[in-house]
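Reading through the structure tokens given below for one structure.
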Amino acid sequence: MEKVATRDAYGKSLVKLGQMYENVVVLDADLSKSTKTADFAAAFPERFFNMGIAEQNMMGTAAGLAAAGKVVFASSFAVFATGRAWEQVRNSIAYAGLNVKVCASHAGVTVGEDGGSHQSVEDIALMRVLPGMTVLVPADAVATEKLVTAVYHQEGPAYVRLGRSAVPTIYRPEQELHMGRGVELREGGDATIIACGIMVYQALEAARMLEEKGLRVSVVDMFCIKPLDEELICRKAAETGALVTAEEHSVIGGLGGAVCEAVAAQCPVPVVRVGVQDRFGQSGTPEELLAFYGLTAGNLVKAVEKAISLRDGYR
Amino acid sequence: MHLGVPFSFKLSKCNEDRNNTHVFSQGYSVSNQCWEVLAGMHEINEQVVAELQGKARVLRQDIVKMLGQAGSGHTGGSLSAADIVACLYFWEMKLDTRNPRWPDRDRFVLSKGHAAPLLYAVLAEKGFFPREDLAGLRKFGSPLQGHPDMKKVPGVEASTGSLGQGIAWAIGMALAGRLDRKDYRVYALLGDGELQEGMVWEAVMAGAHYRLDNLVAIVDFNGLQIDGRVEDVMSPLPIAAKFGAFGWQAVEIDGHDYRQIMGALNLARETRGRPTAIVARTIKGRGISFIENLVDWHGKAPNPEQVAQALAELM
């Protein structure tokens, strides 16, 4: 299976958008080689602005460019784009409803060796809480290209979460993705794993492992955290009665938090949240860290079994 | 000179090559002769000044009435910048009130967003919306929010209020103007206390780096902020020298002297290769004896008796 980092797909997508649309402008904060906006900078130097190591001003500048009619992609590492500059994203971009797409790479623990200071496990929560902000977590390179293109065409602010490490490509190029609609990648009646980002592949692996144990589980790619596909979540809750969420992010406030909010309010069933359990990251290889923080297919298998036993205990 | 504050009017490179982007000259004293030269670039005569003073008087009257009706809001910092804003809107800027989004218009960003009453007063006086609407300041359901909301009020270019962000918007607008090969100019009005926000200096760095000679930052240097004198709370002094060190052309003026305001705007318009900062020494609460130079009037509105007295003084 081909492995491509979502940040690489982002860089290529930006160049395509730049070729098609004159109003695309890209900003970066001295990480263009890492976020891959350097591809755009090479192709369209006059429409790329390196704002230096100054994320707050980058977001404010993005707002000003957007107010003047540009569609602005602003990139940095997730921890800085959403954390350092959160209040600028809130007041200058989201409050004003401007056409700025915050596309941040190096999200989650798979940043690896750089360690906990650089591993954002809070960014989905930070962006999801902002009114009018679309929040997207693509699972692979195909999804990244489609979603980056989609946010260009969608009026208003958006956050796209990208990763550092190469991840398996799940989707065929012809796959259609629609804002606010999860994708049911696999159907099964025993439980449902709702995943995003790199955990989608892990969820598919877990489903295969569970099948060997005689359990058939559904796998949903919930790449759109906001607006959330509550209809699909509640349908899967009704069909399977046991939900597991899977994300490379804190279990607080991210996909797991969002699913729990929807389920508790509309279709109560047990939800087991797989993610980073309210702690910071650390240095290590991506594989070591995924294992340490419980973000593997094996962890998902256990979580599914727990969700099923919770469900059966209620019944 | 009507101000009780000693001034040393400095003008960088007034008489020399203004296109050199690398050199900041240290404090050229501006002789009256020099201001005459700058004033003479466009027609600044006594009649024009008298008309602008009349406009500023109307703005101050509207500010006082608005704040009295609202029962809360920022009186001192709205009054201090009234002469500057009158010059911008009734002399300097190209605008089309019938087409507030005219792509070629000059842009004014109220980075010190708490002076919203001043912005609303001038927009109403220009005819962007009916002056009856001013009575809605800070009231539920009114477009005139406590701090400016560009989505709600025609003529408002940026949603500001969180200090430090407007100057970054202005950077973005100036970059967009250059990208679009338009000759519009961008004016940002900052508070002196606002200069304590770190992101201001990120933006100032960017303005010089991208040589934005279509950008002017005006600092309303009234010397007071919520907790006291700016020099006591956290001194941003020396202001002009800081802008100069960052690579801007920096001019110190009396912000209530129309010839100096207009002369400085002329100088900025004639300057190539770098942005201009106009550090305008002002009196907080200017024009109303019992409000002038008092810290307490930063965020307090006049009561009905005080409104009547203030309007009598402004006759």
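Order of the sequence lines fixes the chain letters, A, B, ..., with proteins taken first and strands second; residue numbering starts at 1 for each chain. Worth saying up front: this structure is predicted, and the values here are computed from it rather than measured. Any value given below was found using the heavy atoms of this structure, including those in side chains, with hydrogens, waters and symmetry copies removed.
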Is it true that, when you exclude B/L237 itself, more than 12 heavy atoms of the residues, nucleotides or ligands shown sit nearer than 6.0 Å to its CG? yes
Chain B interface, residue from A/Q88, A/K70, A/R90, A/E22 that has the most non-hydrogen pairs under 4.5 Å: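 Heavy-atom pair counts peak at A/Q88.
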Which class fits the ring pair A/Y21 and A/Y152: parallel under 30°, tilted 30 to 60°, perpendicular over 60°? parallel
Would you check if there is a donor-acceptor pair between the side chains of B/T271 and B/Q249 at a distance under 3.5 Å? yes
Does any heavy atom of chain A fall under 4.5 Å from the side chain of B/A158, the backbone, both, or neither of them? neither
Checking heavy atoms, do the side chain of B/L175, its backbone, both or neither come under 4.5 Å from chain A?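 Both parts, backbone and side chain.
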Face-on cation placement of A/R47 at A/F44 ring, 6.0 Å and 45° thresholds: yes
B/R107 to B/Y184, cation-pi by 6.0 Å centre distance and 45° axis angle: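 Flagged: B/R107 positioned over aromatic ring of B/Y184.
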Could you give the side-chain donor-acceptor pairs of residues 163-172 of chain B under 3.5 Å, partners two or more places apart or in another chain?
from	atom 1	to	atom 2	distance (Å)
B/Q165	OE1	A/S92	OG	2.5
B/Q165	NE2	A/E87	OE1	2.7
B/Q165	NE2	B/S162	OG	2.9
B/W169	NE1	A/S92	OG	2.8

Quick one: what part of A/V25 sits under 4.5 Å from any heavy atom of chain B, side chain, backbone, both or neither? side chain
What part of A/L27 is in contact with chain B, defined as an atom under 4.5 angstrom from a non-hydrogen atom: side chain, backbone, both or neither? neither
Within residues 108-125 of chain B, contacts to chain A at heavy-atom distances under 4.5 Å involve none
Do A/H106 and A/H118 have their ring centres less than 6.0 Å from each other?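 Here the rings of A/H118 and A/H106 have centres that are no less than 6.0 Å from each other.
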